[in-house]
Protein chains: 2
Amino acid sequence: MVQIPKQSAGRPAPVRRPVPTSADVARLAGVSRATVSYVLNNTSAVRISEPTRRRVREAAEELGYVPHAAARSLRAGHSRMVLMPAPAVPVGPLYHRFFAELQSELGRLDYTVVQYGSVGLRGDEAARAWAELRPVAVLVPGSGLGPQGVAVLKRAGARAVVTLGPERVEGAHALLMDHDRVGHCAGVHLLSRGRRRIGVVMPEEGGLEIFSRPRLDGVRRALRDTDAMVAELPLAYEEEAAARLAGRWRSLGLDAVFGYNDEYAMLLMRALQDEGVAVPDETAVVGADDLMLGRLLRPRLSTVHLDLPSGRDLAELVDRAVREPGAEPETHEVLGARVVHRASS
Amino acid sequence: MVQIPKQSAGRPAPVRRPVPTSADVARLAGVSRATVSYVLNNTSAVRISEPTRRRVREAAEELGYVPHAAARSLRAGHSRMVLMPAPAVPVGPLYHRFFAELQSELGRLDYTVVQYGSVGLRGDEAARAWAELRPVAVLVPGSGLGPQGVAVLKRAGARAVVTLGPERVEGAHALLMDHDRVGHCAGVHLLSRGRRRIGVVMPEEGGLEIFSRPRLDGVRRALRDTDAMVAELPLAYEEEAAARLAGRWRSLGLDAVFGYNDEYAMLLMRALQDEGVAVPDETAVVGADDLMLGRLLRPRLSTVHLDLPSGRDLAELVDRAVREPGAEPETHEVLGARVVHRASS
DNA sequence: TTGAAAGCGTTACCAG
DNA sequence: CTGGTAACGCTTTCAA
């Protein structure tokens, strides 16, 4: 780790000049504050002479004037800020791509997306912190927001609250992402490949239970009313842990494993191969996320491909909700899942 | 892709109640707004009777009152918001881990971290947008912020501007991340392994030149004054592209390749193997980022391990700068790079 | 112990 | 066409 040495300041602050305001611009341009506002906002309802416009612009330029967003939205009574708390759990590249697209699409609709780091806070306490910013919409990934929280946000003026998570929350729009489906997909696939004793990797890394638990349940659901069985396999994301698990693999008597996602699946698959366990003959392996890397191992990794909602669709949902705040909250099942069958299963 | 169907609102908005203010709380509790402020902020300079406190708290609770952050910071004249524009280019898991840690550490120091999605804007135009939020500090990843931009931010009251990128910017603290080093590392390593004709993968995905160009330069620098040569290898992150490149590999006459990062390196290494090119005997392969996945391929991927600055160190730098705004801007070289030699080279 | 009032930077309204 | 004035929600100083 590169250290940043701690320096102590040498000389004292030179000059701390106050931040220029529109009044300063007005003074310098020799006009009123109202005129400054008109000119800088290109207000079309009022005609300002060209020389005046120029003087104002030059004054603003000279002072380095930048309007104060807080003052503006205080005055306006609303903002176009869409708040999105940073997800509490480590998320993968899929989510980051989704978020980047969402941000860009909302930007196109003239919203400002702000990702807010609310560490430590949780539940309705977090909701209060978000409400203080008076966002016009709030997008909450994961669970943790209750009906109380939604109410707080709405009372604070949020015209749309959208949850992206496993369950509907009273009063909020819901983009349901039920990871049960992912496991179910994998389970059905393995079953159809003739497997009957199926291991399911459960990451030991904190926070991932939110995803791993429903995925496990999905596998269980796929196997209900069959003669197949499921075994939970706790696993840390480390080579040694995978090697240990592989070392006792034969004693587990499993003929297939769902690896939680591609990364854990690849880790385990490699460990199995190093242990001499034949994939897929002796044990089939399935991951999830459809990462490029899964295609590079041999055998190529079978996987569950996830479809997240398009950023554009979500952006439009938000925009609709903002414009029609009284409308009934929408609920959409947005997590698509389908097996991509490759050589490992 | 899962579609979100477009619904039209059925019934009109039920009731749009105004957002409760401290005045509403005061009215309900039968006290003045000042008293409300004292109670809710636990102002120690003033003594308020316990019954009054209770009445105020209950009133706030009943109305679902949440203070208005903008109004508060307008009045206070400053905020504790640390603004961090979202990086414009796709960044990897390393960056995301770094950012999460930074956020958590700044949160510990009682700053509020906000990641701001400024798509489309660039350079000093973006700086103005950021300045409107009057953040107490701004952390700018990548290049694109000029001295002008720094000046704008400072005039708008930012007490610390920190760039994380390839070069120092006048007036700002700089965490230099010179990716030249990464390539240099790889080049020196390959040279020492006796390689003389070295390919360097240049991702075709947009935006990555910011990193790939200096990495290439670093390889070149390592090979200066030797008899070794460098060849640029444009490559899209797709199996077919890698296969095509591998198909004409022997005609290139290279005995080593630096794959830009682990992902591109793995993609290419697999394609080379599929083409029958022996790794490392015929061609050595080196990646960068030291991802876990690189250890799972055979041969295991050699890589350049990157050390980003610790979130804690950066958080402390920010805090110091905020408290001592007149201090000389600090410059630190924070990108550590070292080769992790495995079997592919 | 509480209350009245000023003021933070903007913009909308309404006279001039 | 332009300029004064009020108001957004909050905190804080001063006075009662």
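Please read all numbers here as calculations on a predicted model, not as lab measurements. Proteins come first, then strands; the chains are lettered A, B, ... in the order of their sequence lines, and each starts at number 1.
Across C/dT1, C/dG3, D/dG4, the shortest atom-to-atom separation from the side chain of B/Arg47 is found for C/dT1. Candidate nucleotides D/dT11, D/dG9, C/dT11 were compared by shortest atom distance to the side chain of B/Asn41, and D/dT11 ranks first. The side chain of B/Thr35 approaches C/dG3 more closely than any other nucleotide in the set D/dC10, D/dT2, C/dG3.
Across every non-hydrogen atom of B/Ala172 and B/Pro329, the tightest pair is O-CB, 3.5 Å. Closest non-hydrogen pair, A/Val39 versus A/Arg57, comes out as O-NH1, 3.9 Å.
The separation between B/Arg53 atom CZ and C/dT1 atom P is 10 Å, rounded to whole Å. One can place CZ of B/Arg134 at 6 Å from P of C/dT10, the figure rounded to the nearest angstrom. Between A/His78 atom NE2 and D/dG9 atom P the separation is 12 Å, expressed in whole Å. Distance B/Arg27 CZ to C/dT2 P: 19 Å, rounded to the nearest Å. If you take CZ of A/Arg72 and C1' of C/dC8, they are 16 Å apart, rounded to a whole angstrom. We find that NE2 of A/His68 is positioned 18 Å from P of D/dC8, with the value rounded to whole Å. Put simply, CZ on B/Arg155 is 14 Å from P on C/dG9, counting in whole angstrom units. Between the CD1 atom of B/Ile48 and the P atom of C/dG3 there is a distance of 9 Å, rounded to whole Å.
Of the two residues near DNA chain C, B/Leu74 and B/Ala34, the one whose nearest nucleotide lies more 5' is B/Ala34.
Comment: B/Arg320 engages B/Glu330 in a salt bridge, judged by a side-chain N to carboxylate O separation of less than 4.0 angstrom. Here A/Arg323 pairs with A/Asp319 in a salt bridge; the nearest charged N to carboxylate O distance falls below 4.0 Å.
Residue side chain A/Arg33 reaches the base of C/dT10 through a donor-acceptor N/O pair under 3.5 Å, judged by distance alone. You won't find any donor-acceptor pair under 3.5 Å spanning the side chain of B/Tyr38 and the base of D/dC10, going by distance alone. If you check distances only, the side chain of A/Arg75 does reach the base of C/dT11 with a donor-acceptor pair under 3.5 Å.
In terms of phosphate contacts, B/Ser32 brings a side-chain nitrogen or oxygen within less than 4.0 Å of OP1 or OP2 of C/dG3. The side chain of B/Ser37 places no N or O atom within less than 4.0 Å of a non-bridging phosphate oxygen (OP1 or OP2) of D/dT12.
At a threshold of 4.5 Å between non-hydrogen side-chain atoms, the residues B/Leu74 and A/His68 count as touching.
Contact annotation for A/Val19: no contact, since no heavy-atom pair falls under 4.0 Å across all strands. Among the protein residues, B/Thr43 comes within range of no part of the nucleic acid, since none of its heavy atoms lies under 4.0 Å from any strand. Across all strands shown, B/Ser73 has no heavy atoms under 4.0 Å from either base or sugar-phosphate atoms. Note on A/Ser49: only backbone sugar-phosphate atoms sit closer than 4.0 angstrom, heavy atoms only; bases stay farther off.
Separating the NE2 atom in A/His332 from the CE atom in A/Met177 is a distance of 14.0 Å, to the nearest 0.5 Å.
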